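Every value quoted in this text rests on a predicted model; they were computed, and no experiment measured them.
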Amino acid sequence: MISLQRSKKLLYTGGEQTFYFYYDFDELVVSNNDVVLKNIAEDLRNCLPIEAMFSSEHQAIQKIHQHPLPMIHVDAFLYDDDFVDSLCEEGKMSRSYCTECGSYKTASLEFISHSFSLMELKFLYQHVLPDLTGKVVVDVGSRLGAVLFAGYLYSSASQLYGVEMNADFCQLQEMMITKYQFIDRIKVLHADICTQASLLQKADVVVMNNVFEYFLDRQEQARAWEFIACNVRKRGSLLVTVPSLKESLSKLQTDVQLSQWVEEMQLNYDVYMEKDVDREALEQIHLYKIL
């Protein structure tokens, strides 16, 4: 989001020569917003164990342990690749595991994150979603609040609601909302999404990032998806999911008829040409328009 509004700052004056440094005001604002999000991530890291999970997340922890291959939770909002590399160098984290104890045979650990990374958040608000002026955004399973905080900084959404079942994560979000003075546009509800019909019905954008699979059994997942499909019905409103709706529903028995509910919108995943961009992560983000 680059505007033509520019400012100049006097750098040097000598004799008949005057040098000015020109800068784009919007670029400075975007850069400052990045810094704010990184500061929030640092504050959250200081409040959480390295795996960024609470002992109160019984079902999620159990499902990770039951995964057929070794898996660890690495929160993408808190830890980017460079940060993970530094933790590995310090011996606090590993990217691999030994397949035969005591041997040199190793395999890559599978990482899972329940949060968007900074790059994914910027992609979401700057390239996936339209102008959100006057719109209501609902993040289902808001966890650390990354979607809410990024929405506050990178969009003009009038209200951003987070619905989170875990009281510990609600408390963390409230701490950040207070510290960074987000209270005018962000509200966190400690609730099961299946109790929030009226909120879903008025939402203009609903975000669901890896939201049910690790936190509910399959019967509860099916019930939650049917509730979502029944109440996210405002024509033209938008639904953002990771992974796709087809993948999320493929292992569940539900009455959700996707073709009668949503239309998938094509996204441009090539907006970032930098070599270090995780295109595979961006391609997990799907956008749907409610019919």
Side-chain angles (χ1 to χ4, degrees), residues 1-3 5 7 24-48 52 75-78 114-193 195-209 211 231-232 234 236-240 287:
M1 186 172 62
I2 304 299
S3 78
Q5 181 180 359
S7 300
D24 189 293
F25 178 74
D26 284 348
E27 285 182 339
L28 288 182
V29 171
V30 170
S31 176
N32 182 63
N33 289 338
D34 291 357
V35 171
V36 173
L37 272 186
K38 289 178 180 178
N39 287 342
I40 293 173
E42 181 178 7
D43 288 341
L44 290 170
R45 283 196 299 270
N46 292 333
C47 297
L48 287 161
D75 194 281
F77 180 59
L78 302 184
H114 298 307
S115 299
F116 285 123
S117 67
L118 176 58
M119 177 62 72
E120 290 164 344
L121 290 167
K122 293 175 73 172
F123 178 65
L124 174 65
Y125 284 107
Q126 296 175 357
H127 300 286
V128 173
L129 296 173
D131 177 19
L132 298 180
T133 301
K135 303 299 184 181
V136 174
V137 176
V138 175
D139 183 22
V140 180
S142 52
R143 199 168 179 85
L144 297 177
V147 168
L148 306 178
F149 307 146
Y152 190 100
L153 296 167
Y154 294 132
S155 84
S156 298
S158 61
Q159 288 294 318
L160 299 123
Y161 291 92
V163 182
E164 174 56 53
M165 290 178 63
N166 186 287
D168 294 323
F169 284 114
C170 287
Q171 184 177 5
L172 274 185
Q173 291 176 81
E174 293 290 359
M175 287 169 56
M176 297 302 109
I177 290 168
T178 300
K179 178 173 181 177
Y180 290 90
Q181 300 180 355
F182 292 157
I183 196 168
D184 57 321
R185 291 166 54 207
I186 295 180
K187 184 174 182 179
V188 174
L189 304 175
H190 177 210
D192 181 335
I193 191 60
T195 67
Q196 299 299 311
S198 61
L199 179 62
L200 291 173
Q201 289 163 14
K202 74 175 184 179
D204 299 294
V205 176
V206 176
V207 181
M208 303 178 67
N209 178 18
V211 69
N231 288 284
V232 179
K234 183 192 287 188
S237 60
L238 300 172
L239 177 63
V240 178
L287 176 67

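- At distances below 3.5 Å, not a single donor-acceptor pair connects side-chain atoms of Asn231 with backbone N or O atoms of Gln201.
- Minimum heavy-atom separation, Met208 to Val211: CE-CG1, 3.6 Å.
- Residues Thr133 and Asp131 come closest through the heavy atom pair OG1-OD1, 2.8 Å.
- In summary, the side chains of Tyr180 and Asp43 do present a donor paired with an acceptor at a separation below 3.5 Å, with no hydrogens or angles considered.
- The backbone N or O of Met165 sits less than 3.5 Å from a side-chain atom of His190, completing a donor-acceptor pair.
- If you run side chain to side chain contact (heavy atoms under 4.5 Å, CB included) between Val240 and each of Leu129, Val137, Asp139, only Leu129 comes through.
- In this structure, CG in Leu124 is found 9.0 Å from CG in Leu287, a value given to the nearest 0.5 Å.
- Atom-to-atom distance recorded for Glu42:CD and Leu78:CG is 11.0 Å, nearest 0.5 angstrom.
- Closest non-hydrogen pair, Lys122 versus Asp34, comes out as NZ-OD2, 2.9 Å.
- The two residues Ser237 and Ala203 have their closest heavy-atom pair at CB-O, 3.7 Å.
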Item to check | Worked verdict on Leu132 versus Asp204 for side-chain contact (heavy atoms from CB on, under 4.5 Å) | outcome: CA-CA 9 Å; Leu132 298 180; Asp204 299 294; over 6 Å; no
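- The minimum heavy-atom distance between Ala76 and Ser115, with the atom names listed, is CB-O, 3.6 Å.
- Counting heavy atoms from C-beta outward, Val36 and Phe149 have side chains that stay 4.5 Å or more apart.
- A donor-acceptor pair is defined here as one N or O able to donate and one able to accept, closer than 3.5 Å; such a pair exists between the side chain of Tyr125 and the backbone of Val147.
- Under 4.0 Å is where a charged nitrogen must lie from a carboxylate oxygen, and between Arg45 and Asp75 no such pair does.
- Annotation: Gln171, atom CD; neighbour count of heavy atoms from other residues, nucleotides and ligands within 6.0 Å does not exceed 12.
- Rounded to the nearest 0.5 Å, atoms CZ (Arg185) and CD1 (Ile177) are 12.0 Å apart.
- Of the candidates Leu199, Val232, Leu239, Ile193, Val140 forms a side chain to side chain contact (heavy atoms under 4.5 Å, CB included) with just one, namely Ile193.
- A distance-only check finds no donor-acceptor pair linking the side chain of Asn33 to the backbone of Tyr154 [under 3.5 Å].
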Item to check | Verdict with supporting geometry, Phe182 and Leu148, side-chain contact (heavy atoms from CB on, under 4.5 Å) | outcome: CA-CA 9 Å; Phe182 292 157; Leu148 306 178; over 6 Å; no
Checklist entry - So Leu121 and Phe77, side-chain contact (heavy atoms from CB on, under 4.5 Å) or not? Walk me through it. => result CA-CA 9 Å; Leu121 290 167; Phe77 180 59; 3.9 Å; yes
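- A heavy-atom distance below 4.5 Å is not found between the side chains of Leu144 and Met176.
- Of the inter-residue distances, the one linking Leu160 atom CG with Tyr152 atom OH reads 9.5 Å to the nearest 0.5 angstrom.
- No more than 12 heavy-atom neighbours from other residues, nucleotides or ligands sit within 6.0 angstrom of NZ on Lys187.
- In this structure, OG on Ser117 lies 11.0 Å from CG on Leu37, to the nearest 0.5 angstrom.
- Thr178 is linked by a side chain to side chain contact (heavy atoms under 4.5 Å, CB included) to nothing, counting only residues two or more places apart in sequence or in another chain.
- Screening Glu164, Met175, Arg143 for a side chain to side chain contact (heavy atoms under 4.5 Å, CB included) involving Cys170 leaves a single residue, Glu164.
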